[in-house]
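Note on naming: letters A, B, ... go to the chains in the order of the sequence lines (proteins, then strands), and numbering restarts at 1 for each one. Given the structure is predicted, the values throughout are model-derived calculations rather than measurements.
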Amino acid sequence: MAVAAAAARVWGSSRGLGRVGLLLRRPGARGLARSHPQRQQQHFSSLDDKPQFPGASAEFIDKLEFIQPNVISGIPIYRVMDRQGQIINPSEDPHLPQEKVLKFYKTMTLLNTMDRILYESQRQGRISFYMTNYGEEGTHVGSAAALDSTDLVFGQYREAGVLMYRNYPLELFMAQCYGNVSDLGKGRQMPVHYGCRERHFVTISSPLATQIPQAVGAAYAAKRANANRVIICYFGEGAASEGDAHAGFNFAATLECPIIFFCRNNGYAISTPTSEQYRGDGIAARGPGYGILSIRVDGNDVFAVYNATKEARRRAVAENQPFLIEAMTYRIGHHSTSDDSSAYRSVDEVNYWDKQDHPISRLRHYLQSCGWWDDEQEKAWRKQSRKKVMEAFEQAERKLKPSPSLLFSDVYQEMPTQLRKQQESLARHLQAYGEHYPLDHFEK
Amino acid sequence: MAATAVTVGRLLRLRAAGAEGHWRRLRGAGLLRGFLQPASADGDAAQRRQVAHFTFQPDPEPLEYGQTQKMNLFQAVTSALDNSLAKDPTAVIFGEDVAFGGVFRCTVGLRDKYGKDRVFNTPLCEQGIVGFGIGIAVTGATAIAEIQFADYIFPAFDQIVNEAAKYRYRSGDLFNCGSLTIRSPWGCVGHGALYHSQSPEAFFAHCPGIKVVIPRSPFQAKGLLLSCIEDKNPCIFFEPKILYRAAVEQVPIEPYNIPLSQAEVIQEGSDVTLVAWGTQVHVVREVASMAHEKLGVSCEVIDLRTIIPWDVDTVCKEECFLNLEAPISRVCGYDTPFPHIFEQFYIPDKWKCYDALRKMINY
């Protein structure tokens, strides 16, 4: 121990035992433990042979060998249920109470129903744009359920199920898509750019991956405040190619932030398949490169997502370090209403996922085998959820849009003089030319 | 074992000393005499590095903010940061190399005083620095981010323009990053060339949602920086690096604020208005006295201070277009990247400003 301490003073302290540990634990190695006084006085070859570089903690090797990236058999995919919703390893069953699992199911199906209706409404010209979440509902609900309700969420744009799990009302989803007077975002952004302060869901923005380093900053602040909160940051496998993703991972690790990076790897970034997005073993394999604990899970298995997120949350907060979860899933829908994915993938491929490996079906099988759900309830719930969505939809459509004066506020906390002048100028313009503007649809 | 370790330690130190001593002997007088000819007494004026193109004009000692101390610009910045961290427990300072005090010494002593969780280095990544800063600010804590040179702010341009500037507006005021301030050394320094001399404020001047502020002096810097940090909107504070040591004046020790978006008329005049910011304020001050001396012209000198949102009312009235007796003249660097050896020819020095003024008077 004295040697270890003295050696540590010479070499400098390093993570854990580092070089000192290696010296002590390997009796065959040349080193302090085995040098003779005579040798030391002459020449320190034994010490010279240990790498001294500040940049890496490693041994020398005298064989030229490139490390082979392993993509044939990559990081394994953690799952709890098989494709028929049966628990594979009972010790991994989270044994969630019926009420909670029913909430999972109802959230996923309600989201699915809302998606169908709003997608259709865009087709009919009622809203300008929409993005569905088909096939990825499990990633939203499994992860949201594993968090505390006050954990701050930074999303990309395909995480509406997280908000829905936190009981964001249909009225507000619709209000944002319609940009009507009830929209908390004041009609400023395109549809699906939700935000909710009350439910700790940071407003979505269109540029990809920008939220990643931001989430890290928020996690750092939460750590400093001893808030006992985790920050979760969602992004797709495409966004993970952005520089901001690299920045976020590196900062989270070096600054020891309590954050969960949750990657939805759904196979496509618009039309770009993963084979054109990366050549390594997905996103999970990048985590260790940054010093981040990482796991790959079956994103269509809501219990696997739940278990991984739960454990990541527990440790991230307790140990102040980041976790990376790569949830493998499939984007069943088009990228958005501006996309027709039949241009770049086959209907057969899409059908496979829709019919054979869908998070909603798998959970339904589980529920049914527990005796917690049946076809009667399914029929009744489908009718009820559709009715709820339709009602919210019709109400949202009838509401006015916010007053055009709201075009000018919130640029800064206070309105600068120049902007107030512009606001007045628009008001005067509308007085003279109002007939050319759809003022009837807007509040005064 | 302990004895062995001690012997090892001592021997290593000796080896190190030996190595250094070897170099010290080489670098001693002998080497210098061998390789470098002494500078000749005559005809080498062109070889010496140039003197600054301006003379810093300190303002009179401010009396209304309590006790003052002689500070240069980087010390004034340190003072502002010290005040901020003292009164705001959420405030943190981060960026490349800020922990040891910063490459321009703006953060010297702060890590020791406030702790390593509040003054810390980040990895070398500007987009990460600003993104991270935005995230801190979103939680309501105060984030003071340093970008080592304004020339390197561009990787963060997306985070600044698309995110920070729009955070409040796009969320309908549900979220904001108003407690973010980005500070960065700015402007020409005599030898900085393309990548250590840039003045990129124009790239941000048309980005609603952020504020961009540039001080001309230590007193202005501390007051404006404190205002930026306390302002509820994301701010970029550019610090003229050529003034870090060259500008010295009396600066209050206690915190004080200079308002943003207010230009300052530092000299009244009736014939010509000269508008400038940062280092250039000192250039045009001198041009004003040259104009007075040689042309009998009375100049008004305005320090803009905040580039966006800028103080339109002080600088001009909308009706002024018909009152101007000559077109507005802009004197700036040429439309080239910032050169190294040609800096003296590139910058809008007092002779170019004076010449523009002279032509304007004779319009």
Side-chain angles (χ1 to χ4, degrees), chain A residues 2-3 5-7 9-10 32-33 35 37 40-41 44 47 152 154 183-189 193 195-197 202-203 205-207 210-225 231 243-244 246-248 250-251 254-255 406 409-414 416-419, chain B residues 1-9 11-12 15 90 92 94 117-118 120-123 125-141 143 155 158-159 162-163 165-178 208-211 231-233 261 309-310 312-313:
Chain A
V3 175
R9 277 198 296 279
V10 168
L32 292 174
S35 28
Q40 276 177 286
Q41 277 154 18
F44 292 86
L47 291 166
L152 194 57
F154 284 80
D183 177 23
L184 300 175
K186 299 180 189 168
R188 306 256 167 79
Q189 294 208 87
H193 289 62
C196 184
R197 185 174 191 77
V202 180
T203 303
S205 73
S206 305
T210 49
Q211 74 277 14
I212 302 177
Q214 293 172 19
V216 177
Y220 189 87
K223 176 174 81 163
R224 275 211 77 235
I231 310 303
D244 273 345
H246 160 70
N250 201 23
F251 276 55
T254 53
L255 300 174
L406 286 177
S409 53
D410 307 321
V411 178
Y412 297 91
Q413 190 198 43
E414 70 290 348
T417 330
Q418 283 303 100
L419 212 47
Chain B
M1 280 310 184
T4 309
V6 167
T7 315
V8 164
L11 284 161
L12 277 178
R15 275 186 88 223
T90 73
V92 293
F94 51 92
D117 60 317
R118 297 187 71 188
F120 53 93
N121 292 338
T122 65
C125 179
E126 287 76 15
Q127 67 193 102
I129 289 167
V130 174
F132 177 82
I134 290 172
I136 291 179
V138 166
T139 69
D158 186 43
Q159 286 284 353
N162 270 336
E163 297 289 316
K166 297 170 170 58
Y167 231 90
R168 190 189 296 275
Y169 186 80
R170 73 187 186 200
S171 69
D173 200 20
L174 292 177
F175 298 95
N176 72 78
C177 58
I210 52 168
K211 298 192 177 182
D231 195 272
K232 307 286 191 233
N233 303 287
S261 294
W310 65 288
V312 181
D313 287 340

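A:Arg188 and A:Thr203 share no donor-acceptor pair across their side chains, judged by distance under 3.5 Å alone. For the residue pair B:Tyr169 / A:Gln189, no side-chain donor-acceptor distance below 3.5 Å is found, with atom types taken as modelled.
By the 30° and 60° cut-offs, the orientation of the rings of B:Phe132 relative to B:Phe120 is perpendicular.
Chain B forms more heavy-atom pairs under 4.5 Å with one residue of A:Gly195, A:Ala218, A:Ala221 than with any other, namely A:Ala218. Interface check for chain B: of the options A:Gln211, A:Arg197, A:Gln413, A:Lys186, the most heavy-atom pairs under 4.5 Å are formed by A:Gln413. Heavy-atom pairs under 4.5 Å with chain B were tallied for A:Ala215, A:Gly243, A:Gly187; the largest tally goes to A:Gly243. Chosen from B:Glu163, B:Lys232, B:Lys166, the residue pairing most often with chain A at heavy-atom distances under 4.5 Å is B:Glu163.
Neither the backbone nor the side chain of B:Ala143 comes within contact range of chain A; no heavy atom of the residue lies under 4.5 Å from a heavy atom of that chain. Proximity to chain B (any heavy atom under 4.5 Å) is restricted, for A:Thr254, to the side chain, taken from C-beta onward. Only the side chain of B:Asp158 comes within less than 4.5 Å of a heavy atom in chain A; its backbone stays farther off. Heavy atoms of B:Gln127 lying under 4.5 Å from chain A belong to its backbone as well as its side chain. Contacts between A:Ser206 and chain B at a heavy-atom distance below 4.5 Å are absent for every atom of the residue. Proximity to chain A (any heavy atom under 4.5 Å) is shown, for B:Val130, by neither the backbone nor the side chain. Residue B:Asp173 touches chain A through both its backbone and its side chain, counting heavy-atom pairs closer than 4.5 Å. Heavy-atom distances place the side chain of A:Leu255, and not its backbone, under 4.5 Å from chain B.
Checked by atom type and distance alone, the side chain of B:Arg118 never pairs as donor or acceptor with a backbone atom of B:Phe94 at under 3.5 Å. For the pair A:Tyr220 (side chain) and B:Gly133 (backbone), a donor-acceptor distance under 3.5 Å is absent. At least one donor-acceptor pair closer than 3.5 Å links the side chain of A:Tyr412 to the backbone N or O of B:Ile210.
The CG atom of A:Asp410 sits 15.0 Å away from the OH atom of B:Tyr167 when rounded to the nearest 0.5 Å.
Residues that satisfy the ring-ring contact (aromatic ring centres under 6.0 Å, His included) test with A:Phe154, not counting sequence neighbours, are absent from this structure.
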